[in-house]
Amino acid sequence: MRARTAFFSGPAALALVVSALIAAPTSALAGAVPPGAPSAVTGAAPALDRPDDAATAPLRDALFDGVNQDRTASGLVRYVRDVALERVAQDRAARLSTSSTFGHPAAGDPLLGVVEATGIGPLGVGEDLGWSSKPGPAALASIRSMWAQSPAHRAILLSDAASYAGVGVTVAGGRLIAVLVVAETLDRTAPVVAAPTAERRSSGAVIRWTARDPLLQTHTAGVRDAMVQVRVDGGAWRTVDRANARGVATLGTIERGRTYVARVRARDRAGNVSAWVESDPIRIP
């Protein structure tokens, strides 16, 4: 087993980047695996509750946006930011900031096991590490540039298999440490539903809506169906239709002098369900 490590130096700073791409048995991801004996994984990733987490939030935002800029510039789908992966990445950045060495073993337990412990169920995972002594945004730009220039790091930054990612950033000891964790998984993203509209017809009313399943780099499930409910004068919701993605439901008899509100939620083929989205009230004169 091996890891690829590259050192870069310049007139203003010294920086180091390390990458690892780890494949689960069913993954299309393949590449270098970090050395070191496996150690036990103890529970899920911790919450983002260290004192420096809030202070580095703008840097994490900037790093994630920059990573996605690199992806779209290469014709790839943007990574979906995943809270669990972000916690993993931030914890690993914090571990590196207090370690006397810099590398994947120093970041903590083997990445695949740590991600599995969050309940994500990855098909494959990857990790890029880097640090720079340049100030804030300049350090991020330097590390991203080095990731892009190294084949081992570029394979993770511009993965054509992973869809979800999280970033971690810690500033300590005069250096900024950045971690990018990516995962290939089945679709874990709920569909997006536009606010439904309702039109009165002579025979009742028609409810229309649109739903889409956000595009992932791989494994986009697609919208399967939707549930439509309606309530009258603020009463209880009742289900009126379970429809496919065509976006039309018909109400039968409607009563004059009443106010109707419809709501819709969609489900994709992976079982992810959107939030309910309501229509504007419709008053039947």
Side-chain angles (χ1 to χ4, degrees), residues 2-22 31-32 34 48 50-82 85-108 111 125-160 162 164-183:
R2 60 194 177 92
R4 298 180 183 178
T5 306
F7 291 88
F8 298 82
S9 62
L14 171 69
L16 177 147
V17 290
V18 184
S19 73
L21 201 56
I22 307 164
L48 299 178
R50 288 178 296 273
D52 64 336
D53 288 341
T56 60
L59 292 172
R60 294 199 305 274
D61 292 344
L63 178 58
F64 196 84
D65 288 345
V67 165
N68 273 336
Q69 289 171 17
D70 294 337
R71 290 183 63 79
T72 56
S74 297
L76 297 168
V77 177
R78 295 170 63 89
Y79 279 137
V80 176
R81 196 168 185 174
D82 186 275
L85 293 179
E86 184 125 326
R87 288 172 176 168
V88 169
Q90 186 67 1
D91 182 64
R92 293 170 84 78
R95 288 172 182 265
L96 288 169
S97 71
T98 59
S99 174
S100 59
T101 60
F102 193 88
H104 300 284
L111 182 63
V125 297
E127 176 179 62
D128 276 352
L129 312 178
W131 68 262
S132 174
S133 60
K134 292 182 178 181
L140 296 180
S142 177
I143 291 170
R144 276 177 49 214
S145 175
M146 291 184 291
W147 284 347
Q149 293 173 33
S150 163
H153 305 93
R154 186 179 178 87
I156 297 167
L157 179 69
L158 303 181
S159 171
D160 61 0
Y164 296 91
V167 295
V169 174
T170 299
V171 180
R175 63 180 186 172
L176 181 148
I177 295 171
V179 177
L180 169 66
V181 173
V182 307

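From a predicted model like this one, the values you see are computed outputs, not experimental measurements.
For the atom pair CZ of R95 and CZ of R92, the computed distance is 8.0 Å after rounding to the nearest 0.5 Å. Distance check, rounded to the nearest 0.5 Å: CZ of R78 to CG of D70 gives 10.5 Å. How far CG of D128 is from CD1 of I156: 4.0 Å, rounded to the nearest 0.5 Å. In this structure, CD1 in I177 is found 11.5 Å from OG1 in T56, a value given to the nearest 0.5 Å.
The heavy-atom pair separating Y79 from S159 by the smallest distance is OH-CB, 3.4 Å. Shown here for G166 and F64, the closest heavy-atom pair between the two residues is N-CE1, 4.5 Å. Annotation for A94 and T170: closest pair N-OG1, 3.5 Å, computed over non-hydrogen atoms.
With contacts defined as side-chain heavy-atom distances shorter than 4.5 Å, the pair L111/V88 qualifies. Put simply, the side chain of R71 does not reach to within 4.5 Å of the side chain of L157, judged on heavy atoms. Counting heavy atoms from C-beta on, the side chains of L63 and I143 never come closer than 4.5 Å. A 4.5 Å side-chain heavy-atom check between E86 and V167 finds at least one atom pair inside the cut-off.
Using modelled atom types, one side-chain atom of R154 and one backbone atom of A148 make a donor-acceptor pair closer than 3.5 Å. In terms of modelled atom types and a separation under 3.5 Å, the side chain of S150 and the main chain of W147 share no donor-acceptor contact.
Remark: N68 engages no residue in a side chain to side chain donor-acceptor pair (under 3.5 Å) (not counting sequence neighbours). Scored by the side-chain contact (heavy atoms from CB on, under 4.5 Å) test, A89 finds V179, V181 as partners (sequence neighbours excluded). Listed by chain and residue number, R81 satisfy the side chain to side chain donor-acceptor pair (under 3.5 Å) test with D61 (two or more places apart in sequence, or in another chain).
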Between L176 and K134, is a side chain to side chain contact (heavy atoms under 4.5 Å, CB included) present by the stated rule, with each step listed?
-> CA-CA 8 Å; L176 181 148; K134 292 182 178 181; over 6 Å; no

